[in-house]
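In what follows, every heavy atom counts, from backbone to side chain, and hydrogens, waters and symmetry copies are set aside. Proteins come first, then strands; the chains are lettered A, B, ... in the order of their sequence lines, and each starts at number 1.
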Amino acid sequence: MTSYYDHAQVQEFWQYVWDREDAYVLPEAAEDPTYVLGMFPYTSGTLHMGHVRNYAITDAYARYRRMCGDDVLHPMGWDAFGLPAENAAFERNTDPESWTRACIKRMREELQDMGFGYDWSREITTCDPSYYRWNQWLFTRLYEEGLVEYKSATVNWCPDCETVLADAQVEDGSDGPVCWRCESPVERRELDQWFFTITDYAEELYDGLEDLAGWPDGVREIQRNWIGRKEGARVTFTLPDHGEVGVFTTRPDTVYGATYLALSPGHELVDELVAGDDDLTAGIEAVRELRPGEAGFAGVDTGVRARHPLTDGELPVYVAPYVLEDVGTGAVMGVPAHNERDHAFAGEHDLPIRSVIEPQENTSPLPEAPYTGEGVLVDSGEYDGVGSTVARERLLEELEAIEPETTYRLRDWLISRQRYWGTPIPMVHCGECGHVPVPEEDLPVELPEFVHTTGNPLEEHDSFTETTCPECGGPARRETDTMDTFVDSSWYFLRYLSPDLAEAPFDADAAREWLPVDVYVGGDEHATLHLLYVRFFTKALADLGLLEVREPVERLVSQGTVLYDGTKMSTSDGNVVSPQEYGAETTRLFVLSAAHPEQDFEWTANDVGAAYDLQQTLYGMATEFVQSLSVRAKRRDHDAYVDREIDRTIVTAGEEYERFRFHRAFSEIQRLLGVLRRYREYDTPHEGVYRRGLRTLSALLAPMAPHLGEELWNKVGDDGLVVEADWPDPLEAVDDPRVERRLVETTREDVRDIVDVVDIDDPERIELVVAEEWKYRVYDLLKTSEPDADVVSMALEDDAVDADEEAVADFTAGLLDRREGLDPVVDADRELETLERARWLLEDEFGAAVTVSRRPTGDDLTGKARPGKPAIHIS
RNA sequence: GCGAGGGUAGCCAAGCGGCCAACGGCGGCGGACUCAAGAUCCGCUCGUGUAGACGUUCGUGGGUUCGACUCCCUCCCCUCGCACCA
């Protein structure tokens, strides 16, 4: 047997044991388990460092909670649909399903190699018909509820992926919008598409963010930006012969300054306004061709005149590309005097500029630049002289043509994809009945066999596309688009509750009891996609009566990036350190010890070494302990110190786990390990104390390094498995472990300092004298009394302060300045005891005799001692 | 431009009104062990100092406070989100 810890050798054994014991399977009887979830991986083929970090975090927390006595639901599954599988199938001359199944097999093995403790009995795979049938079922329910629309829209089209993209899947490239996956420039296409009307929930999605206290501020802010709530007003202008046009504005107080209207080229009225005029139509077409960024302040006067609702004046109506179709109502009232863009547009087209807000401070007019601040209304009819803020409210209240309106940037969620590897949208297009949902009993609509083709493989199968209408029985055509894969991931956390349920997507009783997810961990690149969609689904399902919760996740942890040479570790950059390169368990221990979960950190071989060394040292000590170390049975003074330090570490490490600060928990473990090591070298260790130390370390480390934890537990622990062990209890209560440590540490530092500064070569005797008890009482009075209390008198009158009046007065007065700022200290007896127990550390370090005592008032040293600061004499 | 989060000793990074010259890790220095190297252990790592002290520090400049790395304001820089957004 070797004292070298070879993780590769032991992992198989413990994994076998865990498996045999069903260690991670949620017990049947669990009532309200702690639901710990990591974002399930896309089945790309191999696990990368980001996954390892993500799952190391959830695993450590899940294990910690389990040791605390919770039932823990910690499942894993596969986000298995998606375009990359099709691309891979083309490249390798196979099909998406085979490819995906192979990826899953490999990744599952990798996860198991890492030793993550999942309840594999709940594994789900989104490309299984037994899973995606519920996508279809939910789609149908949402359709019935009016949350699905089929509409023609100008959509983002990626020519390379040959599919449309949701707004959230389009990113800003250097040269315009690009596809989030392949970075090809995105085109615009006019297509009939399926949408989830997530905008119906815009308000709740926005307002709900406020209450998501367990979510990082950053993620909430990103969602706020994305939803883009804006409060303002809708002003209605009449177009004689053409009805009305509503414009959205946040500044209705400038309404009297409107000198024109501008419609976006895509506005629904444009075609009607210019109908019959070929020149105008051509002009509009030319304007439509322009990319928004290039159009500047071009515009076409339609010749139509709108009626101003307040002044009754006539305003020209322009079509201008600077007005964006999907912002507000796609139309603006042009107020050149008080809006930058309107000002520029008016300059370009010789439109009048009419100033209606005057700055309050100086009334100098503003000829060149628009004034966009607040002020007083002028030239505004009955509102002259009214402040702009007040005017806004009054206009909204008093005028019919101006109504309050809130707009959102959020668009409906385009879920159609012209791809094969996804959930078929369960709809049928019938010439007679329009589009008709596939009846529930005919679900799932299964994917037909894959064929290699440049287009959508679904369209290649006549047997798939040709069907009959569920309503009239006539010939009909099956929808060939599939769903965006974000649909799959929008409710997968529910499927884990009852993965095999055949009658419903999830068990409603379990959902009621187990949700929301207690902790959800993943990368924050999903802030606007996945994390918004799961919130939407949860609310929609609640409104369908399927769920009671309206928010899916209680506490969200968005984990930071692992960097290598300053850049994100990613396969495409080729700077990947494989999780197994340093040993699976060293890797997980390192990623947890390196930084707080939310922080980015740099992968360095040196730092990895620290995690590796800790494993080796601990293993070596445990091996030595059971094999060869001589121990004693009779207790000595310094054993109590180690006992106490073990207790302190149990308390502090538990706090750190609780707060997700695994790196601090790791430090605590390192610290206790150091103490034990020193203890063993100082003297023959006491069997029980040393054993408890090692046993505690194995328990505290087990959530981060479970194989080593098991191995150590097996050597020095109780019977059974550490995964099923209880979180250790301290022998005695520890109120403030840090104050006790501080006392010992500062005292040791002080001794070193003195020895060094005074240049004492070989100290023979070190005396530590703690302060008189009454001083602790004075401390207490100083810290707890009112700021203006006469503490000197209080101290003199206090029964517990039994010393010479002058000494008491001097001591108290000398500390008055500091008051509640005084260092926290333990009480007199605890201080004496703590130092007494720590004596051996000084004896060990200086080779001197050390005494710790409390002496009566009057002693020279006692006089110098303060609570938390014993007097020191070295000779 | 708007919004959010940051800037701490050689590096990474904790702290977020008095426990702070500032946890921890890495690197560096000195020492122990050793034939030697590695590993491991101990100490030091802003400056000065013959008794635990003092001085100067936490992006910049101000302010609040008996007291600020910690709270408020200005500015500079970094990261991220939104943006011809009405």
Dump the intermediate steps for salt bridge (Lys or Arg N to Asp or Glu O under 4.0 Å) on Arg659(A) and Glu655(A), then the final yes or no. CA-CA 6 Å; Arg659(A) 295 175 61 190; Glu655(A) 284 169 4; over 6 Å; no
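OP1 or OP2 of A83(B) sits under 4.0 Å from a side-chain N or O of Arg409(A). Distances shown here put a side-chain N or O of Arg661(A) below 4.0 Å from the OP1 or OP2 atom of G15(B). Taking only side-chain nitrogens and oxygens, Arg752(A) comes nearer than 4.0 Å to OP1 or OP2 of G43(B).
Both distances falling under 3.5 Å, in either a Watson-Crick or a G-U wobble arrangement, place C46(B) opposite G55(B). When both distances must be under 3.5 Å, the Watson-Crick or G-U wobble mate of C80(B) is G3(B). Nucleotide G18(B) has C66(B) as its partner under the Watson-Crick or G-U criteria, with both atom distances under 3.5 Å.
Taken from CG in Leu618(A) to CG in Asp613(A), the straight-line distance is 12.0 Å, to the nearest 0.5 Å.
Looking only at distances, a side-chain donor or acceptor of Glu831(A) sits under 3.5 Å from a matching main-chain atom of Gly868(A).
Using a 4.0 Å heavy-atom criterion, one finds that Ile760(A) contacts no nucleic acid atom at all.
Taking every heavy atom of both residues into account, Arg220(A) and Asp217(A) meet most closely at NH2-OD1, 2.9 Å.
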Check nucleotides 22-25 of chain B against the protein and report each pair of N or O atoms closer than 3.5 Å, with its distance, or say if there are none.
from   : atom 1 : to        : atom 2 : distance (Å)
C23(B) : O2     : Arg664(A) : NH1    : 2.7
C23(B) : O2     : Arg664(A) : NH2    : 2.6
C23(B) : N3     : Arg664(A) : NH1    : 3.4
G24(B) : O2'    : Ser667(A) : OG     : 3.4

If you restrict it to nitrogen or oxygen atoms, what contacts under 3.5 Å exist between nucleotides 53-59 of chain B and the protein, and what is each distance?
none

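Between the CZ atom of Arg229(A) and the C1' atom of G3(B) there is a distance of 17 Å, rounded to whole Å. Between Phe846(A) atom CZ and A32(B) atom C1' there is a gap of 15 Å when expressed in whole angstrom units.
The pair Arg224(A)-Glu221(A) meets the salt-bridge criterion, since a charged nitrogen lies less than 4.0 angstrom from a carboxylate oxygen. Here Glu645(A) does not pair with Arg678(A) in a salt bridge; the nearest charged N to carboxylate O distance is not below 4.0 Å.
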